[in-house]
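A short write-up of the structure that comes next.
All values reported here derive from a predicted model rather than from experimental measurement. Throughout, a chain's letter reflects where its sequence line sits, starting with A, and its residues are numbered from 1.
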Amino acid sequence: AQSVTQLGSHVSVSEGALVLLRCNYSSSVPPYLFWYVQYPNQGLQLLLKYTSAATLVKGINGFEAEFKKSETSFHLTKPSAHMSDAAEYFCAVTDNNDMRFGAGTRLTVKP
Amino acid sequence: GAVVSQHPSRVICKSGTSVKIECRSLDFQATTMFWYRQFPKQSLMLMATSNEGSKATYEQGVEKDKFLINHASLTLSTLTVTSAHPEDSSFYICSATRGGEETQYFGPGTRLLVL
């Protein structure tokens, strides 16, 4: 069964600094990988997804993620953090409609 | 495209009553819909998966008689929490997929508070 692990339940960066949220996956088949963002009291919004096309995936709001099979990783990055990026981020892996989420990483952006 | 709505966004009810939550795909036909539960500061826990016109598949530990799921059409699924108790208080989120895609599109969630 597939699973994801998000390293770091809480990441804090300064406004304008690099954002790096880590995600490692485990899957017996080529995975579909996703990053979702959740703002307080809201549902999940899709940031980006990897579906076996390009390994570097660009998403909304300036985020991107790189699929690295050798490292079984799908880390999320953004070159310059904005205050509005403060939220909870979830990495997810899916196989045949069975989606598994990581525990989430709360991103705090300091002014 | 791929907008999912939920209604209500927030509901408060008395213990022992039943509450129905609706999940709608507004601009696509949802082949499959999912219901999740999320506790504060935690990840999403899948409760059940439903396909239009068939019985929902519940995850282990989820009481099917407690959480009734009806998927009457390709754009609507409902979750009814029967005889709600305070421990059922939570944030309930639905999602939907459209034909052939693995991507799940999420609704905005429903916060249930049982007094």
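Cluster membership check: M99(A) shares its hydrophobic cluster with I93(B), using side-chain heavy-atom separations under 4.5 Å among Ile, Leu, Val, Met, Phe, Trp and Tyr. L48(A) and V4(A) end up in the same hydrophobic cluster when Ile, Leu, Val, Met, Phe, Trp and Tyr side chains are linked at under 4.5 Å. Put simply, V19(A) and V11(A) are part of the same group of oily side chains (I, L, V, M, F, W, Y) that touch within less than 4.5 Å, one to the next. Under a hydrophobic clustering in which Ile, Leu, Val, Met, Phe, Trp and Tyr are joined whenever their side-chain heavy atoms come within less than 4.5 Å, directly or via other members, V11(B) and I69(B) fall into the same cluster. Cluster annotation: L68(B) is not connected to V81(B) through the hydrophobic network of ILVMFWY side chains, with a link wherever side-chain heavy atoms come within less than 4.5 Å.
Per-residue counts of heavy-atom pairs under 4.5 Å with chain B were compared for A92(A), A103(A), G104(A); the largest is that of A103(A).
Using a 4.5 Å cut-off between heavy atoms, F101(A) contacts chain B through both its backbone and its side chain.
When the heavy atoms of residues 55-66 of chain A are compared with those of chain B, none of the residues falls under 4.5 Å.
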Across chain A and chain B, what donor-acceptor pairs are shorter than 3.5 angstrom?
residue	atom	partner	partner atom	Å
Y36(A)	OH	Q104(B)	N	3.4
Y36(A)	OH	Q104(B)	O	2.6
Q38(A)	OE1	Q38(B)	NE2	2.9
Q38(A)	NE2	Q38(B)	OE1	2.8
N41(A)	OD1	R111(B)	NE	3.4
N41(A)	OD1	R111(B)	NH2	3.0
G43(A)	N	P108(B)	O	3.0
K49(A)	NZ	T103(B)	OG1	2.9
T94(A)	OG1	E102(B)	OE1	3.1
N96(A)	N	E102(B)	OE2	3.2
N97(A)	N	E102(B)	OE1	3.2
G102(A)	O	S43(B)	OG	2.6

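Smallest separation of non-hydrogen atoms from L44(A) and F106(B): O-CB, 3.3 Å.
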